[in-house]
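Since the structure is predicted, the reported quantities are computational estimates derived from the model, not experimental observations. Values below: all heavy atoms of this structure, side chains included; hydrogens, waters and symmetry mates excluded.
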Amino acid sequence: MARLIHAIVTGLIGAALLHLVIVFALPQFTGRDAYSRVLALGPAGRFHLLERQGPAEPLVPDDPFVQASVCAYDLTASPRIVTASGDPAFWSFAVFDKRANEIFSLSDRSIETGRLDAILATPAQAARLRKADPGLMGRVILVETTGSEGYAVLRSLAPHASLEPEALGFLKSARCDPFAQR
């Protein structure tokens, strides 16, 4: 009798684990994961404004006062520098890996200038950058990511219709260019 109960419990635990693996792996196999949706917006290395309708709809913030843009990146050839300028009421920046895990985030309240200047790099690229220009870290934010592919999301807030031009202007100024050591 004990063997039968042990076999049933083992089977139930195994089935539960199998179902969890299938549920978590499903987005990777269906092409409907966040990274695939970001790539569907247009070429990598450019910020794309997220529209309330279309393929990126699930990525769009629920808050109607928040606008967002997204840039897919690939660090295999070189690091990327992400910049944006303007004066929206509030902005935030987040970096995600290919599996939609958040790697880094900050807001305009976290930095002195209000301007976004960040370099996305692998650990090896970051080490080379630190060695080549020790003062660089005082001028930009260095974001290290173990994977070479992912996406960056930039959000801005316009709590009133009169502030929307500044919020959209900030997003439209955003760049996600290859970083060339100066």
Counting C-beta onward and ignoring hydrogens, is there a side-chain heavy-atom pair between [X] and [Y] closer than 4.5 Å?
X: Val66; Y: Ser156; value: no
X: Phe170; Y: Pro88; value: yes
X: Glu149; Y: Leu75; value: no
X: Phe96; Y: Val153; value: yes
X: Trp91; Y: Ser107; value: no

Separation of [Y] [atom2] from [X] [atom1] (nearest 0.5 Å):
X: Glu166; Y: Leu157; atom1: CD; atom2: CG; result: 12.0 Å
X: Ile103; Y: Thr145; atom1: CD1; atom2: OG1; result: 3.0 Å
X: Arg109; Y: Phe90; atom1: CZ; atom2: CZ; result: 6.0 Å

Considering all heavy atoms of both residues, which atom of [X] and which atom of [Y] are nearest to each other, and what is their separation?
X: Ala126; Y: Ala121; result: N-CB, 3.9 Å
X: Pro178; Y: Arg80; result: CG-NH1, 3.4 Å
X: Tyr151; Y: Ala34; result: OH-CB, 3.4 Å
X: Tyr35; Y: Tyr73; result: OH-O, 4.2 Å
X: Gln125; Y: Pro79; result: NE2-N, 3.8 Å
X: Val38; Y: Cys71; result: CG1-C, 4.5 Å

Can you establish whether the number of heavy atoms outside Asp117 located under 6.0 Å from its atom CG is more than 12? yes
Between Leu129 and Ile119, does the side chain to side chain contact (heavy atoms under 4.5 Å, CB included) criterion hold? Intermediate values first, please. CA-CA 10 Å; Leu129 288 171; Ile119 296 176; 3.8 Å; yes
Is there a chain of hydrophobic side chains (I, L, V, M, F, W, Y, each step under 4.5 Å between heavy atoms) that links [X] to [Y]?
X: Leu171; Y: Leu116; result: yes
X: Ile111; Y: Leu154; result: yes
X: Val140; Y: Phe179; result: yes
X: Leu50; Y: Leu39; result: yes

Quick test of your reading of the model: are Asp177 and Arg175 salt-bridged, counting only N-O distances below 4.0 Å? yes
For the pair Arg139 and Asp133, find out whether any cationic side-chain nitrogen is under 4.0 Å from an anionic carboxylate oxygen. yes
Indicate every side-chain donor-acceptor pair of residues 41-49 with a distance under 3.5 Å to a residue at least two apart or in another chain.
from, atom 1, to, atom 2, distance (Å)
His48, NE2, Pro43, O, 2.9
His48, NE2, Arg46, O, 3.4

Identified side chain to side chain contact (heavy atoms under 4.5 Å, CB included) counterpart of Leu120 within the set Ile81, Val82, Ile141: Val82
Pairs under 3.5 angstrom only: tabulate donor-acceptor contacts from the side chains of residues 10-20 to other protein residues two or more places apart or in another chain.
from, atom 1, to, atom 2, distance (Å)
Thr10, OG1, His6, O, 2.7
His19, ND1, Ala15, O, 2.7

Could you check Asp108 against Arg115 for side chain to side chain contact (heavy atoms under 4.5 Å, CB included), going step by step and ending with a plain yes or no? CA-CA 7 Å; Asp108 63 339; Arg115 176 182 165 78; over 6 Å; no
Under the side chain to side chain contact (heavy atoms under 4.5 Å, CB included) criterion, do Leu106 and Ser92 qualify, and how do the steps go? CA-CA 6 Å; Leu106 69 88; Ser92 69; over 6 Å; no
